[in-house]
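What you see below is based on every heavy atom in this structure, not just the backbone, and it leaves out hydrogens, waters and symmetry mates. Proteins get letters first, then strands, A, B, ... in listed order; numbering begins at 1 in each.
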Amino acid sequence: MKYWLVKSEPEECGIDDFVAAGAGSIRWDGVRNYQARNFMREMAVRDQVLLYHSSCKHIGIAGVIEVAVAGYADPAQFDPESPYFDPKASVDNPRWTAVDMVLVEKWPRLVGLDTLRASADHLKDFKLIDKGARLSVMPVLPVHWAFIQSLR
DNA sequence: GCCAACGTTGGC
DNA sequence: GCCAACGTTGGC
């Protein structure tokens with residue numbers, strides 16, 4: 001089993017959307033960056049994922065979700081009505097990947113980016129805390145995963 | 001709203 | 001293949 005982190009704007013899809021979905025899964029789609037997509041292709045069912053809230057008032061890790069359905073062609077890329085439509089993608093030759101995720105646990109309080117940065121000694125090479133980090137899907141080392149769990 | 005970081009596009 | 005221009009991300 002692997003560990004990951006995904007970013008989302010909570011108004012788009014945050015931890016409360018997963019709470020509302022209960023045992024139901026939510027499609028994680030719209031990723032349009034190759035490095036992030038390649039990581040999504042590596043995801044397997046039951047991989048554990050930190051859900052990070054970005055571009056909002058309370059920035060940080062809000063809880064844990066897990067992979068319910070491994071990577072498949074993101075339907076939005078074929079839909080001209082979708083903001084994620086990609087005219088260069090075709091059903092025969094899809095370009096982008098979606099996975100389905102389900103709630104594991106909403107944390108009692110958010111672990112803020114400031115807290116993570118204050119723990120930089122424990123989070124060496126954790127790209128999330130780098131200035132200007134834009135990657136929206138990234139792997140998390142088991143040692144980092146364990147440390148972040150201790151902050152919740 | 002600003003702006004740094006950085007990925008993508010397209011002319012050459 | 002280079003690189004300037006442009007667009008997006010995301011913290012502040």
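The one candidate from A/R27, A/R95, A/R32, A/R37 that meets the salt bridge (Lys or Arg N to Asp or Glu O under 4.0 Å) condition with A/D74 is A/R32.
Of all the residues in residues 55-62 of chain A, A/S55, A/I59 reach under 4.0 Å from DNA chain C with at least one non-hydrogen atom.
Atom CD of A/E42 is surrounded by more than 12 heavy atoms from other residues, nucleotides or ligands within 6.0 Å.
Here A/R117 lies in heavy-atom contact (under 4.0 Å) with sugar-phosphate atoms only.
Remark: P of B/dG7 and CD of A/Q35 are 7 Å apart, rounded to the nearest angstrom. Atoms CG (A/L135) and P (B/dG7) sit 9 Å apart, rounded to a whole Å. Between A/R134 atom CZ and C/dG11 atom C1' the separation is 13 Å, expressed in whole Å. One interatomic measurement links the two molecules: CG of A/L116 to P of C/dG11, which rounds to 11 Å at whole-angstrom precision. A/D86 places its CG atom 12 Å from the C1' atom of B/dT8, with the value rounded to the nearest Å. Look at CZ on A/R95: it is 17 Å from P on B/dG7, rounded to the nearest Å. One can place OH of A/Y34 at 9 Å from C1' of B/dT8, the figure rounded to the nearest angstrom. In this structure, the CD1 atom of A/I129 is 16 Å from the C1' atom of C/dG10, given to the nearest Å.
In this structure, A/W96 shares a hydrophobic cluster with A/Y34, the cluster being traced through Ile, Leu, Val, Met, Phe, Trp and Tyr side chains under 4.5 angstrom apart.
Annotation: side chain of A/W28 is not in contact with side chain of A/V49 (no heavy-atom distance under 4.5 Å). Counting only heavy atoms from C-beta outward, the side chains of A/I26 and A/C13 approach each other to under 4.5 Å. Inter-residue side-chain proximity for A/I148 and A/I61 is flagged as met; some heavy-atom pair is nearer than 4.5 Å.
Between A/K7 and C/dT9, a side-chain N or O to OP1/OP2 separation shorter than 4.0 Å is absent. Taking 4.0 angstrom as the limit, A/Y52 places a side-chain polar atom (N or O) nearer than this to OP1 or OP2 of C/dG11.
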Can you name the atoms? Protein N/O to nucleotides 3-5 of chain C N/O, anything below 3.5 Å, with the distance.
none

Audit row: A/Y72, A/D100, side chain to side chain donor-acceptor pair (under 3.5 Å) steps and yes/no: CA-CA 9 Å; A/Y72 57 95; A/D100 293 353; 2.5 Å; yes
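Between A/W4 and A/F39, the ring-plane angle classifies as tilted under the 30° and 60° cut-offs.
Taking both residues in full, the closest heavy atoms of A/M138 and A/L135 are given as CE-O, 3.3 Å, listed atom of the first, atom of the second, then distance.
For A/S136, the side-chain atoms get nearest to C/dG10 when compared with the rest of B/dT9, B/dG7, C/dG10.
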